[in-house]
Amino acid sequence: MASFSLHGIPVSRGIAIGRAHLLKPAARDVKHYLVAEEKVEAEAQRLSNAIATVNQELQAVRRDLPADAPSELAAFIDVHALILADPIIAEHPLKIIRSRHYNAEWALLTQIDELSAQFDEIEDAYLRERKNDIRQVGERILKILTGSASTLPVIFQPDEAMPQMIVVAHDISPADMLQFRDRAFVGFVTDLGGQNSHTAIVARSLDIPAAVGMSNASALIQEDDWVIIDGDAGIVIVDPAPLVLEQYRENQSKLLRERKKLGKLKKTPAITRDGTVIHLLANIELPEDCSGALDAGAVGVGLFRSEFLFMGRTGQGHKLPSEDEQFESYRKAVLAMKGRPVTIRTLDVGADKPLDKDEETALNPALGLRAIRYCLAEPQMFLTQLRAILRASAYGPIHMLIPMLAHAFEIDQTLAMIEQAKQQLREAKKKFDADIKIGAMIEIPAAALTLPMFIDRMDFLSIGTNDLIQYTLAIDRVDHEVAHLYNPLHPAVLQLVAMTISAGAKAGIPVAVCGEVAGDTKLTRLLLGLGLREFSMHPAQLLAVKQEILNSDLKVLEPAARKILKTFEPAAISEAVARLSLL
Ligand code: PEP
Ligand code: MG
């Protein structure tokens, strides 16, 4: 068969090469027929029995979870057990059997299709994905009903001589993924799923390459086909040409060697060769990301983008998360980090992160009512968040970070509101850390040019290079047409970053970088040379950055960086930065 490739969503990194093993969904070949009146109760009972069997299965999987199973897995299995027990599955299909005389499989599928249609209406991507959990639960019941429960090939232990297998399926439930773990399965390809699908989350925590959202991969790929998953690109190559296969095998070994080496650095402190301690922190979007941060050896969370708790809730009647709901999320994060600091950024919505997709967008959203501007315009919403963050600070070290500040009055108003929130909590007799550290994002050039104004008022600074570059170079960060102009090494950007780091150092207040450049290994040495001691990034980048740090010597990087700051020719800057890696 000719080679072909499929494109989907990259959700878990790495390269996997193996033979396809197809999981056929039971839902595909389900019989539909009407049941005679006198057999209706027996049919309903058949469905109830199947549901009870699935429940036992789930409880067994849950009970026998291996100690090293990813923590999310238990929670996902619980979600499936809850769905199974919910009247939408446990009762409604029985009603369909009784009222319409459908056979059990048909009644169940009818109900699941109905629920799926309702979920499709939901705007929130995370919640919309939960539709697949319902489908997966339905699949399990169908497999019991149709007697096709075992879809696994004969169990075998991983064997060097045997080709490894790649599971190709319409969808895979987290519980099924666990079963595959002990076998020679090295990757997952699914038709369904997105960044937030459980398959994706579990694949990431199992560290198995996966590509999801592959549309009709399970129809196009045949059992035993050779398959390559390029997890970084979200590409699946089926029946690759020998040369392609060889190339991927080479890349795979290289990646594995690098990863193995990096994996050993998890517990190594990030200290430069001259003995300077560097703090490597994680950027997270939801409290659940904390386990990944800890796994990567982060010493704290440098940026918790709290807006992900607020976004896309139109399906819930435009409701903002309540103070208690937010408090629970912040508390969860700080408890998960076990005494390590968690920097929670107050709501940064607007521009590319609209709170509500239906909201009328401003003419220049990036220059509009976003982040702190939005919060100051919505004081009740802001106070709610401030109280929630403050309350969580009673449970562990929390720092509060304010985005997009540019004016002294914005800082003063924000600080006054934090005081007001504290007062409200005192009156309500709620605990919080009275000395909570408050910091400012430096992400507007005006802020970088007026640092004393910030240093006088704030406990720490964090440079948001993503926005700082956007605003310094006047390029919309979401506009593809100007993406080529987005350059962290533009001398103007370097000047602003360097000024901020050195002003903080002089004043003795911590300065971090939490934009994408913090995780770019090509820039690690430059940032070290400029005096940066705190880097906050996606956990996946942390070990590679640590490796750069371990090989760096500030005594040579500092003078080299000073020289770069005196250079204004872009080509010379790029060359000099590339040369830092040889020092
Ligand atoms: C930044 O601007 O660099 C930043 C870290 O924040 P965000 O990407 O969320 O705007
Ligand atoms: Mg920003």
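This structure is a prediction, so every number in the text was calculated from the model and none was measured. Every number for a ligand or one of its atoms is a count from 1 in the order of the listing.
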- Task: Of all N, O or S atoms in E443, identify the one at the shortest distance from the Mg ion (ligand 2).
- Result: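 Nearest N/O/S atom: OE1.
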- Message: Looking only at N, O or S atoms in D467, which is nearest to the Mg ion (ligand 2)?
- Response: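 Result for D467 and the Mg ion (ligand 2): OD2.
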- Query: Are any of the N or O atoms of E443 closer than 3.5 Å to those of ligand 1?
  - Reply: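 The answer is yes, given that E443 and ligand 1 share an N or O pair closer than 3.5 Å.
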- Query: Taking both backbone and side chain into account, is any N, O or S atom of D348 nearer than 2.8 Å to the Mg ion (ligand 2)?
  - Reply: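 No, D348 does not qualify, because none of its backbone or side-chain N, O or S atoms lies under 2.8 Å.
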Please list, in number order, the atoms of ligand 1 under 4.0 Å from a heavy atom of [X].
| X | result |
| --- | --- |
| C514 | 5 (C) |
| G464 | 1 (C), 2 (O), 3 (O) |
| R305 | 4 (C), 5 (C), 6 (O), 7 (P), 8 (O), 9 (O) |
| D348 | 10 (O) |
| L303 | 5 (C) |

- Item | Heavy-atom neighbours of E569 CD exceed 12 at 6.0 Å |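 No.
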- Item | K422 atom NZ: more than 12 heavy-atom contacts under 6.0 Å |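 Count over threshold, so yes.
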- Message: Tell me whether R457 is salt-bridged to D412, with the criterion being a basic N under 4.0 Å from an acidic carboxylate O.
- Response: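 A salt bridge links R457 with D412.
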- Query: Are any of the side-chain nitrogens in R579 or E575 under 4.0 Å away from the carboxylate oxygens of its partner?
  - Reply: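 Looking at R579 and E575, the cut-off is met.
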- Is the closest heavy-atom distance from M441 to ligand 1 below 4.0 Å?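 Within the 4.0 Å threshold, so yes.
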- Task: Examine ligand 1 and decide if any of its atoms is less than 4.0 Å from a heavy atom belonging to R345.
- Result: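 Yes, that is the case, since the closest heavy atom of the residue is under 4.0 Å from the ligand.
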- Do F460 and H399 pass the ring-ring contact (aromatic ring centres under 6.0 Å, His included) test, and can you show the C-alpha distance, the side-chain angles, and the key distance before you say yes or no? CA-CA 9 Å; F460 67 97; H399 304 161; 5.6 Å; yes
- Message: Quick check for you: to the nearest 0.5 Å, what is the distance between M441 atom CE and D467 atom CG?
- Response: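 Between M441 CE and D467 CG, I get 7.0 Å after rounding to 0.5 Å.
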- Determine, stepwise, if the pair E516 / N466 fulfils side-chain contact (heavy atoms from CB on, under 4.5 Å). CA-CA 6 Å; E516 289 303 299; N466 306 340; 3.6 Å; yes
- Task: Check whether NZ of the Lys or CZ of the Arg R391 lies under 6.0 Å from the centre of the six-membered ring of F432 and within 45 degrees of that ring's axis.
- Result: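 The answer is no, since R391 fails at least one limit relative to F432.
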